[in-house]
Each structure stands twice: as C-alpha cells, then as structure tokens.
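All chains are named by letter (A, B, ...) in the order of the sequence lines, taking the proteins before the strands, and each is independently numbered beginning at 1. All values below were derived from every heavy atom in this structure, side-chain atoms included, with hydrogens, water molecules and symmetry-related copies excluded. Keep in mind the model is a prediction, meaning the values are calculated, not measured.
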Number of protein chains: 2
Amino acid sequence: MFKELDPLLHSQLRLGIMSLLLGLDSADFVFLKEKTDSTAGNLSVQLDKLSEAGYIQIEKSFKGKKPLTTCRITKKGIKAFEDYVNSLKTYIK
Amino acid sequence: MFKELDPLLHSQLRLGIMSLLLGLDSADFVFLKEKTDSTAGNLSVQLDKLSEAGYIQIEKSFKGKKPLTTCRITKKGIKAFEDYVNSLKTYIK
DNA sequence: TAAAGTAGTTTATAATATAAACCAAAAATT
DNA sequence: AATTTTTGGTTTATATTATAAACTACTTTA
C-alpha cells in the first residue's frame with residue numbers, strides 16, 4: 001500500500017537542503033541558510049544528521065579569514081532522495 | 001523558494017489517512033488501521049488531530065453491537081491536501 | 001463462566017525539530 | 001586602541017511529535 005518515508009528526509013529543512021544540493025555541485029553554510037530560511041543552529045544540527053547518514057559530505061575550510069562549510073550530496077544521498085520521492089508518490093497518487 | 005509544509009499533513013500516518021480518505025466516500029477505523037498498518041492507539045490520536053483541524057469528520061455509531069468509527073474527508077481537508085502536494089513540489093522539483 | 005477477541009481511548013515515553021544561548025574570530029565604530 | 005557589532009558557526013535546552021504501551025468496555029467463543 002504505502003511505502004515507508006525515510007525519516008531522515010521527511011523533515012522540511014533536511015528535505016530542502018537535499019533538494020538544493022541535488023541541483024548544485026556544492027553549497028556553503030551561508031547559502032543554504034539563506035535559501036532554506038533557517039536559523040544557523042537548526043541548519044547546523046540538520047547538516048550533521050545528513051552527514052552522519054552519509055547523505056552529504058561536509059568540508060570545513062577557510063575563505064580568507066572566515067570559516068567556510070561546504071556541502072555536497074553523495075551518491076547515497078541521491079539514491080535516498082530518489083527513493084523518498086518514489087515512496088511519497090504512493091501517498092500523493 | 002520552498003513553500004511551508006503543513007505540519008498536520010507532513011506526518012506519515014496522517015498523510016496516509018488523508019490519502020485513503022481522498023479516494024473514498026468514507027472509511028472506518030478498522031479499515032484505516034489495516035491499510036495504514038498502524039496501531040490502534042496511534043491511529044486514534046492522529047484521527048483526533050485531523051478531526052480537530054477540520055480536515056476530516058468523524059462519526060461514531062454501532063455496527064450491530066460493535067462500535068463503528070466512520071471517517072470522511074472534508075472540503076477543508078481536500079484543500080489542505082492539495083496545498084500540501086503543491087508545496088511538496090517545490091522540494092521535489 | 002472464564003478466556004480471548006474487538007474496537008477503540010488514554011497515558012507515558014522516546015524521538016524530533018527548533019530555538020535560544022553560546023563561542024571565537026574578524027570587521028566596523030568610537 | 002578599545003569597544004561594539006557582525007560573521008560563521010556549535011552546543012544545549014525546550015517544546016512538539018510520533019509512537020507504543022497500558023487500559024477500558026463490551027462481545028464472542030470455548
């Protein structure tokens with residue numbers, strides 16, 4: 001009947017992050033924060049969860065003197081997103 | 001960018017309930033429990049929430065000697081579901 | 001008549017999302 | 001040059017949620 005919805009992706013903010021990353025080579029913390037209209041704290045936590053699940057890869061460096069957190073979606077993340085969308089389709093016709 | 005996802009519908013079980021009710025005139029508790037593969041407790045709670053939001057209408061009666069809980073989606077519920085699906089589309093392309 | 005099943009509700013618990021508070025460094029202001 | 005503000009985050013606390021467990025009331029079956 002209905003397929004399970006990956007709880008890691010069934011979250012507004014995490015889904016937004018993944019949606020953005022899917023269409024880009026990479027995105028940094030500030031960009032994601034602006035596009036998802038989230039608070040830094042919430043974003044930080046959700047990025048960690050996606051990273052721990054292996055759905056994204058996080059690289060910390062510096063841009064000049066400022067910290068720079070760069071995120072990329074992984075193959076596993078792409079697969080998970082696709083599966084999630086397919087599962088969703090069992091609910092929305 | 002991304003539209004808000006109605007938190008009342010952004011829940012696996014409640015979305016499943018609404019999805020079922022959308023395609024039927026009505027459905028009873030036992031039917032919904034089987035189709036959504038949920039526990040009675042969880043189903044009871046989630047039906048109440050949908051009902052309190054005005055997304056469904058619940059009617060309690062008896063079928064012979066057994067209690068019968070019949071649910072129907074309301075116009076408001078249909079609208080909310082449609083809005084939810086449209087919002088989702090901003091995330092899944 | 002005792003045990004098991006049906007159709008639920010209520011309550012407790014675990015997980016989640018989110019915000020608030022915090023930190024270190026850099027940049028801007030006085 | 002000292003103080004304030006901003007930037008780019010992390011950590012911790014809180015409120016909400018989902019879920020399961022426990023319970024109720026009645027019915028059916030053995």
Output the rounded distance in Å from CG (B:L32) to P (C:dG8). 10 Å
N/O donor-acceptor pair under 3.5 Å between B:T70 side chain and B:D28 backbone: no
Whole-Å distance separating the CG atom of B:D48 from the C1' atom of D:dA18: 14 Å
At under 4.0 Å, does any side-chain N or O of B:K49 touch on OP1 or OP2 of D:dA18? yes
Rounded to the nearest Å, what distance is computed from the CD atom of residue B:E34 to the P atom of nucleotide C:dT6? 10 Å
Can you check whether A:F2's main-chain N or O pairs, donor with acceptor, with A:T90's side chain at less than 3.5 Å? no
Donor-acceptor check, side chain of B:S87 to backbone of B:E4, threshold 3.5 angstrom: yes or no? yes
With side-chain contact (heavy atoms from CB on, under 4.5 Å) as the criterion, how do A:R72 and A:E59 come out once you've worked through the C-alpha distance, each side chain's angles and the decisive distance to 0.1 Å? CA-CA 9 Å; A:R72 292 185 157 71; A:E59 191 195 316; 3.8 Å; yes
Flag, side chain of A:T74 to backbone of A:Y55, donor-acceptor distance under 3.5 Å: yes
Atom pairs under 3.5 Å: protein N/O with N/O of nucleotides 5-9 of chain D:
{"residue": "D:dG8", "atom": "O3'", "partner": "A:P67", "partner atom": "O", "Å": "3.3"}
{"residue": "D:dG9", "atom": "OP1", "partner": "A:T69", "partner atom": "N", "Å": "3.1"}
{"residue": "D:dG9", "atom": "OP1", "partner": "A:T69", "partner atom": "OG1", "Å": "2.4"}

By nearest heavy atom, map B:L47 and A:N42 onto DNA chain C; which one lands nearer the 5' end? B:L47
Throw together a table of side-chain donor-acceptor distances under 3.5 angstrom for residues 76-83 of chain B, partners on residues two or more places apart or in other chains.
{"residue": "B:K76", "atom": "NZ", "partner": "B:A53", "partner atom": "O", "Å": "3.1"}
{"residue": "B:K79", "atom": "NZ", "partner": "B:D83", "partner atom": "OD2", "Å": "2.9"}

Starting from the C-alpha separation in whole Å, work towards a yes-or-no answer on side-chain contact (heavy atoms from CB on, under 4.5 Å) for A:L24 and A:I73. CA-CA 9 Å; A:L24 298 163; A:I73 197 166; over 6 Å; no
Starting at CG of B:D37 and ending at C1' of D:dT19, how long is that distance when rounded to a whole Å? 13 Å
Could you list by number each residue of residues 1-23 of chain A showing a heavy-atom separation from DNA chain C of less than 4.0 Å, or answer none if no residue does? A:S11, A:R14
Can a donor-acceptor pair be found between the side chains of B:R14 and B:Q46 at a distance below 3.5 Å? yes
Please give, in whole Å, the distance from C:dG5 C1' to B:K33 NZ? 12 Å
Among B:N42, B:I17, B:L13, side-chain contact (heavy atoms from CB on, under 4.5 Å) partner for B:L47: B:I17
Interatomic distance, B:L50 CG vs D:dT17 P [rounded to whole Å]: 13 Å
What nucleotide, of C:dA26, D:dA20, D:dT27, holds the atom closest to the side chain of A:K65? C:dA26
